[in-house]
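All chains are named by letter (A, B, ...) in the order of the sequence lines, taking the proteins before the strands, and each is independently numbered beginning at 1.
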Protein chains: 2
Amino acid sequence: MTSPSTPSRGRPARLDRAKTVGTALELLDDVGLEALTMRRLADRLGVQAGALYRHFTTKQDLLTAMAERMLGDIDASPGAAGAAGAADWAGRLRALVRAMRRALLAHRDGARVFGGTHSVGPHTLAFAEAALGVLREAGFKDEDAARAFMGMVNFTLGHTLEEQAASAPDEGGAPGDVGSLREAVLAGPYPHLAATITVLTSADFDAHFEFALDVQIEGLRHLRSGAE
Amino acid sequence: MTSPSTPSRGRPARLDRAKTVGTALELLDDVGLEALTMRRLADRLGVQAGALYRHFTTKQDLLTAMAERMLGDIDASPGAAGAAGAADWAGRLRALVRAMRRALLAHRDGARVFGGTHSVGPHTLAFAEAALGVLREAGFKDEDAARAFMGMVNFTLGHTLEEQAASAPDEGGAPGDVGSLREAVLAGPYPHLAATITVLTSADFDAHFEFALDVQIEGLRHLRSGAE
DNA sequence: ACCTGAACACCGTTCAAGT
DNA sequence: ACCTGAACACCGTTCAAGT
């Protein structure tokens, strides 16, 4: 009665993809992407490094599964917009893009993991489907909906990459990058940089993100009204 | 008469930062970021790997110098906008952002190198200064100018990262990613993805980039007129 | 079927020693 | 002052052999 796809006979099997991906995300949060090695992951799972290759063909395959799992934090169900539930297209798109950023921020180096992979798993596809649905139902033609979606995702990736790079531990406090940038700006002929350096080096990434999100939503609104 | 900062006595010195960065960019174009190792670079320079550490404290330091050099391709001089020379703020901003994309596309994995580093060198600062100057002189207040600039850079980084990932060699033709995405989309309940999959997997990155650039410029225009 | 042990072909970085 | 030679402490991946 036991089909070959439900083995269950033999030993319990100490490893499976789901458990391995979960442990890998914990390890990522603890040590960062640079130190996430197959050997260290195997250690945590009480196994030899080679054993991982029975479940993932390469490390890249594991990273893709991790990215896919991260996107599972996004609630892409139709009703999940703002507090109300039935927001307009702009509100619903905003909610989805914010959820993507949150999903990447939820794990150390999350944006780098996401950016280095291309999952075609259900969480990734459900997110794209939801965003494209909002845009198409708002009246954007297919081509514009697709490009608006890509633009939003690419911006969110770039932003979150920079956000996580800026708040990387590196050493102790928080200087390093910010300090040497400030120094270089003030030492050279950069009046516009000097006038804005406080904002540029501010850690208020929420405000930076929301500004650019507003700009893009407003730009899309303009494009949509022009087409009607 | 020979000051300590101009040695010149002793041996010719086979290595210097400028030459090393140039060779590193050539190697990058030939083999890609994954295969750009200190040992291979040393080989090309006819030297042992350890010798590189007299000129760069770490590999990260070398990558930062490479990113800085790449941005040198951007002409950030005031007159360098469109064909005319004296375009409006939107045209000048467009020209600068396009030039940034071109600079990253000019080298294999250019976006990944740029995204993984934070140069405070003259080319990087001159580019930021030019873009911020355009925005501030257009009447954007400092905070908005800074955030608009960051938004543009983050989008361009994200876009170019995806563009270079999509056109990566990997193996032979061009399938792999696109094929399995198409398969997964058509196999599942994704009507909106199915309707847009042709655009989403299209290799017309110029069009994708220009669309998102238009959206952002239009959004900025709206924000600016609202403030006056 | 699943994992171990051990190897292969590499890495970035350091540093005494040479010239 | 600048580079070599050699090492240290790792990597991802493969694969015969065990159970």
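Among residues at least two apart or in separate chains, salt bridge (charged side-chain N to carboxylate O under 4.0 Å, His left out) pairs with a member in residues 184-213 of chain B are B:Arg98-B:Glu210, B:Arg101-B:Asp206. Listed by first then second residue, pairs satisfying salt bridge (charged side-chain N to carboxylate O under 4.0 Å, His left out) with a partner in residues 180-192 of chain A number zero, not counting sequence neighbours.
In this structure, CG of B:Leu36 is placed 10 Å from P of C:dC11, rounded to the nearest angstrom. Distance A:Met38 CE to C:dC11 P: 19 Å, rounded to the nearest Å. Rounded to whole Å, atom P of C:dC11 lies 15 Å from atom CZ of A:Arg39. The nearest whole Å value for the distance from the CD atom in B:Glu34 to the P atom in D:dT13 is 10 Å.
Counting heavy atoms from C-beta outward, B:Thr196 and A:Leu135 have side chains that stay 4.5 Å or more apart.
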| said: Please convert DNA chain C into dot-bracket. A pair counts if it is Watson-Crick or G-U wobble with both distances under 3.5 Å; crossing pairs go in [ ] and bases paired with another strand get |. | reply: ||.|||||...|||||.||
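Here, C:dA9 and D:dA9 have their P atoms 23 Å apart, quoted to the whole Å.
Of the residues in residues 55-66 of chain B, B:His55 come within less than 4.0 Å of DNA chain D through at least one heavy atom, sorted by number. Proximity of residues 40-54 of chain B to DNA chain C (heavy atom under 4.0 angstrom from any strand atom) is restricted to B:Arg40, B:Gly50, B:Tyr53.
Looking at residues two or more places apart in sequence or on another chain, you find a salt bridge (Lys or Arg N to Asp or Glu O under 4.0 Å) between B:Arg136 and B:Asp142. Residues meeting the salt bridge (Lys or Arg N to Asp or Glu O under 4.0 Å) test with B:Arg112, sequence neighbours left out: B:Glu34, B:Asp109. With sequence neighbours excluded, no residue forms a ring-ring contact (aromatic ring centres under 6.0 Å, His included) with B:Phe114. A:Glu143 is linked by a salt bridge (Lys or Arg N to Asp or Glu O under 4.0 Å) to A:Arg147, counting only residues two or more places apart in sequence or in another chain. Listed by chain and number, the residues in a ring-ring contact (aromatic ring centres under 6.0 Å, His included) with A:His208 are A:Phe205 (sequence neighbours excluded).
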Quiz: residues 150-159 of chain B side-chain donor-acceptor pairs under 3.5 angstrom, not counting sequence neighbours:
unit_1   : atom_1 : unit_2   : atom_2 : d
B:Asn154 : ND2    : B:Met150 : O      : 3.2
B:Thr156 : OG1    : B:Met152 : O      : 2.8
B:His159 : NE2    : B:Glu163 : OE1    : 3.0

Table please: side-chain donor-acceptor pairs of residues 40-57 of chain A below 3.5 Å, with sequence neighbours left out.
unit_1  : atom_1 : unit_2  : atom_2 : d
A:Arg40 : NE     : A:Ala35 : O      : 2.8
A:Arg44 : NH1    : A:Asp30 : OD2    : 3.1
A:Arg44 : NH2    : A:Asp30 : OD2    : 2.7

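The residue A:Arg14 sits close only to the backbone: its heavy atoms come under 4.0 Å of sugar-phosphate atoms, none of a base.
By the 4.0 Å N-to-carboxylate-O rule, A:Arg102 lies too far from A:Asp75 to be salt-bridged with it.
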